[in-house]
Amino acid sequence: MNGEAFHEPPGLCRLTAMASASNEFPTVRVFDHPLIQHKLTYLRDRATSHRPFRALLYQIAGLMVFEATRSFPTTEVEVETPIERTRARKLAGKITVVPVLRAGLGMAEGILEVMPEARVGHLGIYRNERTLEPIAYLKRLPRDLDAGPCLLVDPMLATGGSAVAALRMLRDAGAADLRLMCLVASPTGIRRVLFAEPNLTVYTAAIDRGLNEQGYIVPGLGDAGDRLYGTA
Ligand code: PRP
Ligand code: URA
């Protein structure tokens with residue numbers, strides 16, 4: 001983990017141009033699947049209330065995890081089918097999904113639907129509304145985080161402060177095989193995360209234009225936690 005301070009180059013902090021995922025950020029995978037984009041459009045829509053918002057976030061996370069787990073290690077096992085004994089593959093190691101509270105919880109539930117064997121660690125982090133600095137208030141993680149892949153989930157990667165704080169907490173707790181899954185990312189957030197973790201694989205459904213003066217992603221979808229839980 002890079003311990004130096006991150007300084008966004010002047011002019012890039014606000015309303016940056018749309019980044020090309022493949023060229024500018026080689027370790028960032030953007031999910032351009034029509035079904036995911038279709039659901040994301042409803043999430044963006046301000047008219048979508050918390051109930052459908054929650055269902056859509058759950059569904060998208062379930063779809064994204066299918067691809068995000070593609071490189072997870074597997075192990076060969078023997079299984080008795082009704083016809084004969086054969087070799088087959090199972091996920092290896094202990095998989096840990098770590099949502100960042102609050103909004104990450106909405107994604108974690110969708111992921112667990114597809115991957116119920118995963119363990120869940122929790123990180124509570126919120127942004128100070130004025131400074132936009134992350135404030136960590138909760139950490140409940142399995143002891144052996146290095147026993148398998150660890151998937152950090154948070155729908156919004158805005159300034160990147162919360163994600164970098166979460167990644168640091170996971171590294172300090174022993175996570176070795178670490179990936180980040182979000183829904184909407186800003187170029188600033190991606191740069192900040194990759195400055196801290198240059199080889200990190202980041203999964204996202206969209207890289208938006210940039211950030212506004214309040215640190216919200218534009219066009220974004222607003223405050224994910226508030227929209228998810230109806231607390232706006
Ligand atoms: C949101 C979001 C991320 C963070 C992203 O959480 O879920 O954790 O903001 O912003 P950043 O990249 O600039 O750090 P929020 O602070 O709103 O907490 P909450 O969901 O508990 O309200
Ligand atoms: N947190 C959110 O929930 N939305 C944003 O756009 C930025 C931070």
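Numbering starts at 1 and runs along the sequence shown. Below, each value reflects all heavy atoms present in this structure, side chains not excepted, and no hydrogens, waters or symmetry copies. Note that ligands are numbered from 1 as they come in the structure, with each ligand's atoms numbered from 1 the same way.
- Looking only at atom types and distance, the side chain of Ser71 has a donor-acceptor partner in the side chain of Arg179 under 3.5 Å away.
- Residue Ala224 approaches ligand 2 through these ligand atoms, each under 4.0 Å from one of its heavy atoms: 2 (C), 3 (O).
- Counting only heavy atoms, the protein never gets under 4.0 Å from atom 1 (C) of ligand 1.
- Using a 4.0 Å cutoff on heavy atoms, Gly160 counts as a contact of ligand 1.
- Close approach of ligand 2 to Gly215 (heavy-atom distance below 4.0 Å) involves ligand atoms 7 (C).
- Side-chain polar atoms of Glu113 and Tyr58 form a donor-acceptor pair below 3.5 angstrom.
- If you take CG on Leu145 and SG on Cys150, they are separated by 5.0 Å, rounding to the nearest 0.5 Å.
- Of the inter-residue distances, the one linking Tyr203 atom OH with Arg70 atom CZ reads 9.5 Å to the nearest 0.5 angstrom.
- Looking from atom 6 (O) of ligand 1 to the surrounding protein, the closest heavy atom is Ile125 O, 4.7 Å.
- For atom 5 (C) of ligand 2, the nearest protein heavy atom (residue, atom name, distance) is Tyr216 CD2, 3.3 Å.
- Ion pairing of Lys90 with Glu76 is absent here, as no side-chain N (NZ or NE/NH1/NH2) approaches a carboxylate O to less than 4.0 Å.
- Among protein heavy atoms, the minimum distance from atom 13 (O) of ligand 1 is reached at Thr159 OG1, 2.6 Å.
- Side chain to side chain, Ser49 and Arg227 fail the donor-acceptor criterion of an N or O pair below 3.5 Å.
- Which parts of ligand 1 touch Tyr126 is read off a 4.0 Å heavy-atom cut-off, strictly below it: atoms 16 (O), 18 (O).
- Close contacts between ligand 1 and Ala103 involve ligand atoms 7 (O), 20 (O) [criterion: under 4.0 Å to a heavy atom].
- For the atom pair Arg140 CZ and Leu101 CG, the distance stands at 11.0 Å (nearest 0.5 Å).
- Using a 4.0 Å cut-off between charged side-chain N and carboxylate O, Glu133 and Arg127 make no salt bridge.
- Near Gly222, meaning under 4.0 Å from any of its heavy atoms, are these atoms of ligand 2: 2 (C), 3 (O), 4 (N), 5 (C), 6 (O).
- Taking the charged nitrogens against the carboxylate oxygens, Asp208 and Arg44 do have a contact shorter than 4.0 Å, which makes a salt bridge.
- Protein heavy atom nearest atom 6 (O) of ligand 2, with residue, atom name and distance: Ile217 N, 2.8 Å.
- Considering CG of Leu157 and CE of Met181, their distance stands at 13.0 Å, rounded to 0.5 Å.
- Across Arg227, Gln214, Met156, heavy-atom proximity to atom 1 (N) of ligand 2 is greatest for Met156.
- Looking at atom 7 (O) of ligand 1, its nearest protein heavy atom turns out to be Asp154 OD1, 2.8 Å.
- Residue Arg102 places at least one N or O, backbone or side chain, under 3.5 Å from an N or O of ligand 1.
- Close approach of ligand 1 to Met156 is summarised as follows: ligand atoms under 4.0 Å from at least one heavy atom of the residue are 2 (C), 3 (C), 5 (C).
- Both the backbone and the side chain of Ala158 come within contact range of ligand 1, each with a heavy atom under 4.0 Å.
- At a heavy-atom distance under 4.0 Å, only side-chain atoms of Ala158, from C-beta outward, approach ligand 2.
- Rounded to the nearest 0.5 angstrom, Lys39 NZ and Thr48 OG1 are separated by 12.0 Å.
- Salt bridge annotation for Arg171-Glu197: present, with a cationic side-chain nitrogen under 4.0 angstrom from a carboxylate oxygen.
- Looking at atom 16 (O) of ligand 1, its nearest protein heavy atom turns out to be Arg127 N, 2.8 Å.
- Atom 14 (O) of ligand 1 has its closest protein heavy atom at Ser162 OG, 2.5 Å.
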